[in-house]
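Remember, it's a predicted structure, so these values are computed and weren't measured experimentally. We name chains A, B, ... by the order of the sequence lines, and we start the count at 1 in each one.
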Number of protein chains: 2
Amino acid sequence: MSGYLSEERHQIILETLEARGSVTVNEMVERFGVSEMTIRRDLDALERRGLLRRVHGGAVLDRGRSYEPPFVARSVENLAAKQQIARAAVALIENGDSIILDVGTTTLEIARQLVDKQNLTVITPCLQIATLLAENPNIRLILTGGIVRPTELSMVGHLAERALRDFYVDKLFLGAAGVDLEAGLTEYNLEDTLVKQVMIKNAKRVILVADSSKFGRIAFTAIAPINVINTLITDHSLDPDWVKRLEKLDIEVILCGATPNE
Amino acid sequence: MSGYLSEERHQIILETLEARGSVTVNEMVERFGVSEMTIRRDLDALERRGLLRRVHGGAVLDRGRSYEPPFVARSVENLAAKQQIARAAVALIENGDSIILDVGTTTLEIARQLVDKQNLTVITPCLQIATLLAENPNIRLILTGGIVRPTELSMVGHLAERALRDFYVDKLFLGAAGVDLEAGLTEYNLEDTLVKQVMIKNAKRVILVADSSKFGRIAFTAIAPINVINTLITDHSLDPDWVKRLEKLDIEVILCGATPNE
DNA sequence: GTTTGATTATGATAGTATTTTATAGAATTA
DNA sequence: TAATTCTATAAAATACTATCATAATCAAAC
């Protein structure tokens with residue numbers, strides 16, 4: 001075999017990036033004598049640790065450009081699924097739309113992929129999303145304000161709720177900790193829940209973004225019954241049974257990832 | 001095969017623009033060894049992100065709409081003086097205080113130096129300050145919310161003003177673009193001005209932080225007459241004449257930096 | 001010692017997506 | 001008008017994802 005431990009490859013990839021600012025998959029395939037898949041997996045792993053940014057064909061250093069938020073990049077579970085869900089979500093957004101982006105890692109991915117949209121109004125109670133979108137001149141960014149929850153970097157409380165009541169938006173991209181047919185949408189934290197309830201009230205179309213791990217899970221506080229959702233975007237590992245039952249409730253279901261064989 | 005990632009091309013195109021003010025499609029075709037279409041797409045993508053302006057045959061830099069240099073550029077000017085002013089400001093803050101930190105590079109420095117304080121409530125309309133303080137568990141952080149101004153990363157508008165009306169704070173650390181005895185405090189931007197006016201109204205003690213370069217300067221919109229200030233913190237290069245006149249108005253003046261010999 | 005199973009790392013492949021090129025006709029410039 | 005540059009579209013090249021198969025590593029259990 002190649003004779004490199006994956007740790008060594010990671011190290012060398014990072015050094016190359018440091019020196020040149022970017023690497024391509026092919027370069028590294030040659031350099032290490034391993035398959036493309038292996039390099040891709042290396043790059044994905046490094047991206048999850050926040051050490052680089054994947055781009056088509058390779059990866060680049062993720063510094064410079066705008067000032068960087070000092071958040072420690074928390075390793076994201078299911079990053080691939082979340083990115084695909086985000087892509088499907090972005091496809092629903094039209095130029096000129098006004099949207100709400102809820103707090104969450106999936107909605108953060110949506111924000112990342114918003115670069116090409118024109119004339120968007122984005123409202124968010126999430127500090128991280130705000131930092132990401134702040135310098136984009138094509139986006140009119142509105143923060144709800146409120147008390148900042150240290151762990152989530154979400155804004156909650158009276159200010160946030162009141163601010164959201166002021167706006168009617170075309171689309172809400174909502175996250176939830178649990179999705180269950182009986183219990184509906186649930187969240188771990190009461191304050192976030194209250195904010196979500198206002199969002200749902202003031203959106204023309206409610207789009208839930210949730211990877212399949214959230215289904216059947218019941219968290220602590222109830223946000224709303226499941227039928228408030230107009231559209232659900234999730235990954236294809238969702239049980240087909242769920243899909244049927246959701247569609248029976250008149251919820252449009254968008255599955256992404258590898259298309260199931262039919 | 002060119003061997004360049006599209007990200008790299010974008011980066012290099014921007015650097016070339018930065019250096020020369022313009023690029024042509026043909027130049028870049030030669031530079032990268034790709035087709036014209038590819039370069040055109042690159043330029044279009046960058047234009048959509050607001051980073052350049054397309055013209056027939058190439059692209060040019062798209063600058064010069066704002067009065068003031070963007071936040072990032074400005075934050076380095078007079079850094080030493082600002083840090084000293086910030087240190088003096090932090091000395092005025094007691095554990096348990098509730099304070100407002102206005103938008104500005106000096107107030108940003110104050111935020112940086114807040115690590116050791118206990119049980120503080122900080123209200124701010126500044127996204128950068130928020131990002132900085134968000135993960136500090138000793139600080140209860142409240143964001144005003146509002147529309148985010150892309151250059152300043154400040155929040156303005158109806159939401160911000162209304163939010164500030166809800167809170168009475170012990171101390172306001174205020175910034176201003178211009179300080180003049182006749183014209184009072186002035187700012188370049190009307191929207192920021194309106195927010196500042198609400199802050200001043202709801203603070204028990206108004207503390208102006210402004211390095212000496214701001215004195216005698218008159219910006220575009222009037223915030224308030226100079227006597228709304230209770231305390232002024234500035235650097236020692238301020239003309240002693242100013243100090244006398246300010247003290248005559250019952251404004252406490254704190255000079256910092258190299259202490260003038262006494 | 002070796003068998004067994006769990007775990008991890010890697011490679012192969014097929015179908016899907018994305019990016020790039022080529023080309024032809026329209027628009028712009030000089 | 002001629003030359004250049006642009007847009008749109010389809011075709012080709014390249015890269016990606018998901019999945020499965022294989023191999024290597026390790027730790028009990030026999």
Side-chain angles (χ1 to χ4, degrees), chain A residues 1-13 22-49 52-60 75-91 109 112-113 115-116 211-213 233-238 240 254-262, chain B residues 1-13 22-48 52-60:
Chain A
M1 287 302 97
S2 73
Y4 284 99
L5 300 172
S6 67
E7 281 299 321
E8 293 180 272
R9 289 199 310 270
H10 288 188
Q11 199 51 48
I12 292 170
I13 287 169
S22 66
V23 293
T24 68
V25 172
N26 286 334
E27 258 172 24
M28 292 300 111
V29 166
E30 296 236 328
R31 173 82 173 71
F32 296 113
V34 296
S35 72
E36 295 184 358
M37 264 319 295
T38 300
I39 297 299
R40 292 208 178 94
R41 270 189 286 250
D42 287 343
L43 296 180
D44 288 348
L46 292 169
E47 177 173 48
R48 224 163 299 144
R49 286 162 57 193
L52 50 76
R53 186 161 53 85
R54 284 258 24 213
V55 296
H56 198 88
V60 296
S75 65
V76 178
E77 284 169 53
N78 276 337
L79 182 65
K82 280 168 181 163
Q83 283 176 335
Q84 286 179 323
I85 292 171
R87 200 170 320 145
V90 170
E109 278 303 319
R112 279 217 177 85
Q113 296 183 28
V115 265
D116 285 338
D211 61 85
S212 53
S213 71
I233 308 179
T234 188
D235 56 275
H236 69 285
S237 356
L238 183 64
I254 299 175
L255 297 175
C256 51
T259 42
N261 34 353
E262 292 177 23
Chain B
M1 241 170 308
S2 72
Y4 284 100
L5 300 171
S6 66
E7 289 284 334
E8 292 181 271
R9 289 198 311 267
H10 289 186
Q11 196 54 48
I12 292 170
I13 288 170
S22 68
V23 293
T24 69
V25 172
N26 285 334
E27 256 172 25
M28 293 299 112
V29 166
E30 296 237 326
R31 173 82 174 73
F32 297 113
V34 296
S35 71
E36 296 183 359
M37 265 316 295
T38 299
I39 298 300
R40 294 210 176 93
R41 260 189 307 260
D42 287 343
L43 296 179
D44 289 349
L46 292 169
E47 178 173 47
R48 269 198 304 272
L52 51 76
R53 190 159 51 83
R54 282 266 14 221
V55 294
H56 198 85
V60 296

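Atom CD in E27(A) sits roughly 16 Å away from atom C1' in dT14(D) (whole-Å rounding). As rounded to whole Å, 14 Å separates atom C1' of dT19(C) from atom CG of D116(A). The interatomic distance linking M28(B) (CE) with dT20(C) (C1') rounds to 18 Å, in whole Å. One interatomic measurement links the two molecules: CZ of R41(B) to C1' of dT9(D), which rounds to 12 Å at whole-angstrom precision. In this entry the distance linking CD of E8(B) with P of dT20(C) reads 12 Å, nearest Å. For the pair E30(A) CD and dA15(D) P, the computed distance is 12 Å after rounding to whole Å. One can place CD of E7(A) at 13 Å from C1' of dA9(C), the figure rounded to the nearest angstrom. Residue Q83(A) contributes atom CD, which lies 13 Å from atom P of dT18(C) at whole-angstrom precision.
If you check the side chains of D235(A) and S237(A), you find a donor sitting under 3.5 Å from an acceptor.
At least one side-chain nitrogen or oxygen of R54(A) sits closer than 4.0 Å to the OP1 or OP2 atom of dC16(D). Between T38(A) and dG11(C) there is a side-chain polar atom (N or O) within less than 4.0 angstrom of OP1 or OP2. Taking only side-chain nitrogens and oxygens, R87(A) never comes nearer than 4.0 Å to OP1 or OP2 of dT16(C). For dA18(D), one of the phosphate oxygens OP1 or OP2 lies less than 4.0 angstrom from a side-chain nitrogen or oxygen of Q84(A). Contact check, R40(A) against dG11(C): no side-chain N or O comes under 4.0 Å of OP1 or OP2. Regarding contacts with the backbone of dA13(D), every side-chain N or O of H56(A) stays at 4.0 angstrom or more from both OP1 and OP2.
Counting only distance, with no hydrogens or angles, the side chain of D211(A) and the backbone of K82(A) share no donor-acceptor pair below 3.5 Å.
Between R9(B) and T38(B), some side-chain heavy-atom pair lies under the 4.5 Å cut-off.
Taking the side chain of S35(B) as heavy atoms from C-beta on, and the options dA18(D), dG11(C), dT21(C), the nearest nucleotide is dT21(C).
When each of V25(A) and G58(B) is assigned the nucleotide of DNA chain D bearing its nearest heavy atom, the one mapping closer to the 5' terminus is G58(B).
Note on N26(B): only backbone sugar-phosphate atoms sit closer than 4.0 angstrom, heavy atoms only; bases stay farther off. Nucleic acid contact class of V29(B) (heavy atoms, under 4.0 Å, all strands): none.
Looking at E36(B) and R40(B), a side-chain N of the basic residue comes within less than 4.0 Å of a carboxylate O on the acidic one, giving a salt bridge.
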*Kindly indicate, with the supporting measurements, whether the criterion side chain to side chain contact (heavy atoms under 4.5 Å, CB included) is fulfilled by R112(A) and R53(A).*
CA-CA 11 Å; R112(A) 279 217 177 85; R53(A) 186 161 53 85; 5.7 Å; no
